[in-house]
Amino acid sequence: MPKIQYKDIDFQDRRLEAIDLVNGLIRDYFAQGYILTLRQLYYQFVARGWIKNAQKEYKRLGELVNDGRLAGLIDWDAIEDRTRSLGGNAHWDDPSDTIRSAATSFRLDKWQDQECRVEVWVEKDALEGIVGRVASELDIDFFSCRGYTSQTAMWKAGKRLQRYVEDGQKVVILHLSDHDPSGIDMSRDIEDRLRTFMEETFWELTFERIALNKDQVEKYKPPPNPAKLTDSRCNGYIKRFGTESWELDALEPGVITRLITDAVLSFRDEDKYNALEEEEESGRVLLSAAANRWPAVARLLTE
């Protein structure tokens, strides 16, 4: 992982100590297979009592990470920006490389014979790296709502879920969002609009808000924020939960992963899933063999 110096920066001792803390968290989470966003790094600082939960502290930490990278003290690959990425076509040097890539990415739909079709929906793009990783491991689809989902995206989702029901499967939506006035209301909004767009098949939908819930706040104790008084839903939220709110990002990545995994496995038939996993592996082996013997395969196809 690269540490590349672009500027010579003279750090005060307290900032060097903070950089050491940043690098310690980076190492800990990288060892678990996670790369944090700046927001997640900030909440780990807050949760450990190293800084206060305040916007000026978030900005100060961002400046520290930026300076630390430029000075060659913090790895450039260690903090993710999951909202910006480069798109483009994949390229290969040889047809065998294409087949080898196909062998790696070959997937059967291991939920095709399941009673339920499970999807995970998450409020924000910033958590896509964590949710996408566990969703891939469990072979389920995930959807980044980006706050209140657009009407177009919700309509498409309703029609997609409706087709699953028409094909004989029940549908399960697992939703994760902030515990704040809007985050709580987003769960209601999703159910209401799916009720409209799935039409009579809606009754085959199970909707579960698996995070962030008040019992999880009490268990994991993420740092609180004041509820946004400018939010039109604030009064109803305060009556139910009080004046504090909590961000989903403040949960440890491992906690989010476990919450999703436990919820998904409760709907999965392991025998059916494992049978398709074995079939999938056989397909990968066959494709790998074709890639490794590509000259002979090419001769056979061109004779």
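No experiment lies behind these values; they were computed from the predicted model shown.
- Considering only heavy atoms from C-beta on, E119 stays 4.5 Å or farther from W111 through its side chain.
- Residues satisfying the ring-ring contact (aromatic ring centres under 6.0 Å, His included) criterion with Y58, sequence neighbours excluded, are Y42.
- The six-membered or imidazole ring of H179 lies near that of Y237, with a centre-to-centre distance under 6.0 Å.
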If you look only at distance, which donor and acceptor atoms sit under 3.5 Å apart when one is on a side chain in residues 18-31 and the other is two or more places apart or in another chain?
{"residue": "N23", "atom": "ND2", "partner": "I19", "partner atom": "O", "Å": "3.4"}
{"residue": "N23", "atom": "ND2", "partner": "L73", "partner atom": "O", "Å": "3.0"}
{"residue": "Y29", "atom": "OH", "partner": "Q44", "partner atom": "OE1", "Å": "3.1"}
{"residue": "Y29", "atom": "OH", "partner": "E252", "partner atom": "OE1", "Å": "2.0"}
{"residue": "Y29", "atom": "OH", "partner": "E252", "partner atom": "OE2", "Å": "3.0"}

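- With N274 contributing its side chain and E270 its backbone, the two residues share a donor-acceptor pair below 3.5 Å.
- Minimum interatomic distance between D75 and R69 (heavy atoms only, all atoms of both residues): O-NE, 3.8 Å.
- In this structure, a donor-acceptor pair under 3.5 Å is present between the side chains of S177 and R209.
- The two residues V65 and I74 make their nearest non-hydrogen contact at CA-CD1, 3.9 Å.
- Every residue meeting the salt bridge (charged side-chain N to carboxylate O under 4.0 Å, His left out) condition with E280, not counting sequence neighbours, appears here in chain and number order: K110, R284.
- Shown here for W246 and P222, the closest heavy-atom pair between the two residues is CD1-O, 3.2 Å.
- Residues E204 and V171 form no side-chain contact, since every pair of their non-hydrogen atoms from C-beta on lies 4.5 Å or further apart.
- Side-chain contact annotation: K159 with Q162, donor-acceptor N/O pair under 3.5 Å present.
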